[in-house]
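Below: the structure, in structure tokens.
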Amino acid sequence: MHSRTRRTPEQLRSYRYLGPDDLRSFGHRSRQKQSGFNTEEFAGKPVIGILNTWNDLISCHAHFKQRVEDIKRGVWQAGGFPVEIPVMGLSETFMKPTSMYYRNFLAMEAEEVLRTYPIDAAVLMSGCDKTTPALLMGAQSANVPAIVMPGGPMNRTSWRGEQLASGSDVWKFWAERGAGRMSCDAWCQLEDHIAASPGHCMTMGTASTMTALAEVLGMALPGSSSMPATHSGHARMASSTGRQAVDLAWYNIRPSEIMTEAAFRNAITVLMAIGGSTNAIVHLMAMAGRTGTPLTLAQFDQISARTPVLANLRPTGKYVMADFFEAGGLQALLAQIPDLLDLTALNVAGTSLGDAIKDAEIFDTDVIRTREAPVCATGSLAVLRGNLCPAGAVIKPAAAEANLLKHRGPAIVFRDYPDLKARIDDPSLGLTPGHVIVLQNAGPLGAPGIPEWGMLPIPKYLLQQGVRDMVRISDARMSGTSYGACVLHVSPESFVGGPLAFVRDGDLICLDVAQRTLTLEISDAEMDQRKADWKAPDAKFSRGYGKLYFDQTTQAHEGCDFRFLHADGSVDPEPGIY
Ligand code: FES
């Protein structure tokens, strides 16, 4: 399968811990025996580190206690030695201010765990939103052979005869409740149904987007990312992933050989074709920043302009991930766009992308559209420029009301999220559907953590009039399950003195998605004066992780990674084993 030579046991990284006849290796071997393993169970075998992001508060990974056993089964069968290593689980639901605040924390933890322990290859157990980019970023920087086990989406679920979509329907029904069209009892019943099995959100939200991109980047087994979490095939896929990790260890196939420039271009193309989450832009930026070939926002826009949206999945379309899987899954979609992909890109299975999709078929052409009948011809995501976002901003036109994609209206400004919560429903503000709602100080440093607040709420009194979308602008992100004419990731953010900080009530703002512009209609002289009058807020942290985050986090258009974790062309030496 691989053109390179299989390593000998003595060439494995773990051999230096477990093989030699010296004092330290004696200690390592004796402690393996303390754990109950005989010499022949571990000696001369690749050690496969299974980075498990399970905990009791990350319900999307509720099945990971069983899946880690499935992975171990595959590792043992292939002649490896599995070791489970718990790492931080980034629970999208429970972590405050946002799981994004801790993405780089998990990336650092994964990198250092892989570096310090005797690990020859890693299985990265990911699923819930930020776990996938975080683990991949860590594996990239450690550059130890690694493979992703995608956690899989939740099952289909329905309520009162209507198919539900986790995330997307929470926002939809909350709006109905705000409009007075849903009772308190019905809202409580919905709680019992909206997330009805283990697995990550079953829309094409951030979790499904990032696991699909992990597969396209070549870091997960072909066909693995669309598999529902509770399908028996998911356990079999986990076992196969464990087996493949042993192969990666023997042949020392590293992430840097798989996550190449071509692989990142493929990932951007697929992000557009699946109608994926805006969050993926930030994560791909961060991942590419760990390589020597960083991405630019312009690349996303260029690729968006030539790529059709083929996945008819919520929040852009109609269906959920279980439908996508049954319709042929990601491979069937990729097989529709071979001319837009670099089919020579390699994957962890030891094959090329072209090999992986050559026999793929679509079984339901309403769920996975053909090139002749796309969901949208192009333009899944768009990158905006203008005096309000000099370093860029992002919008998902496919998930917005079309009449808002060209819009000019007066701003109503909220200085931060508490201010928004306190005043948005105040009728005395007199908001109309033509207003532009602006939220400041919700970016990477201002919030902090660039939370998913970007689908700003529409005032109740407008909801009651039937309004369901308005132009909304912030330096926040938005959940991949969200929708609407929401301009996101405005960069630089307002907290560091980006122009969003200078917007005032009543200023006219012009959004023109076709022209890719976002303009604050004030003169340059007025902008300069407001900038001169602006007072920088105080730093939020003086110690701990917050201070590290605050000192090191880059802006949204750079991926929000820590500066000192970017690739700088140098290779860190592995720590000595003494
Ligand atoms: Fe985990 Fe949505 S809450 S993926």
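Counting starts at 1 for both ligands and their atoms, following the listed order. This structure is a prediction, so every number in the text was calculated from the model and none was measured.
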By ring pair (Phe, Tyr, Trp, His ring centres under 6.0 Å) - contacts of H566 (at least two apart):
none
Sole residue of N55, T53, N52 in side chain to side chain donor-acceptor pair (under 3.5 Å) with H61
T53
Quick one: which residue pairs count as a side-chain hydrogen bond (donor to acceptor under 3.5 Å, both in side chains) with a foot in residues 149-158, not counting sequence neighbours?
N155-T230, R156-D323, R156-E326
Among side-chain atoms of T132 and S126, is any donor-acceptor pair under 3.5 angstrom?
yes
Please list every donor-acceptor pair under 3.5 Å in which a side-chain atom of residues 452-460 meets a protein atom from a residue at least two apart or in another chain.
{"from": "E452", "atom 1": "OE2", "to": "K130", "atom 2": "NZ", "distance (Å)": "3.4"}
{"from": "E452", "atom 1": "OE2", "to": "N279", "atom 2": "ND2", "distance (Å)": "2.9"}
{"from": "E452", "atom 1": "OE2", "to": "R477", "atom 2": "NH1", "distance (Å)": "3.1"}

Is there a donor-acceptor pair closer than 3.5 Å between any side-chain N or O of Q440 and the backbone N or O of L500?
yes
With a cut-off of 2.8 Å, which protein N/O/S atoms are close to atom 2 (Fe) of ligand 1, if we only count those under it?
C201 SG
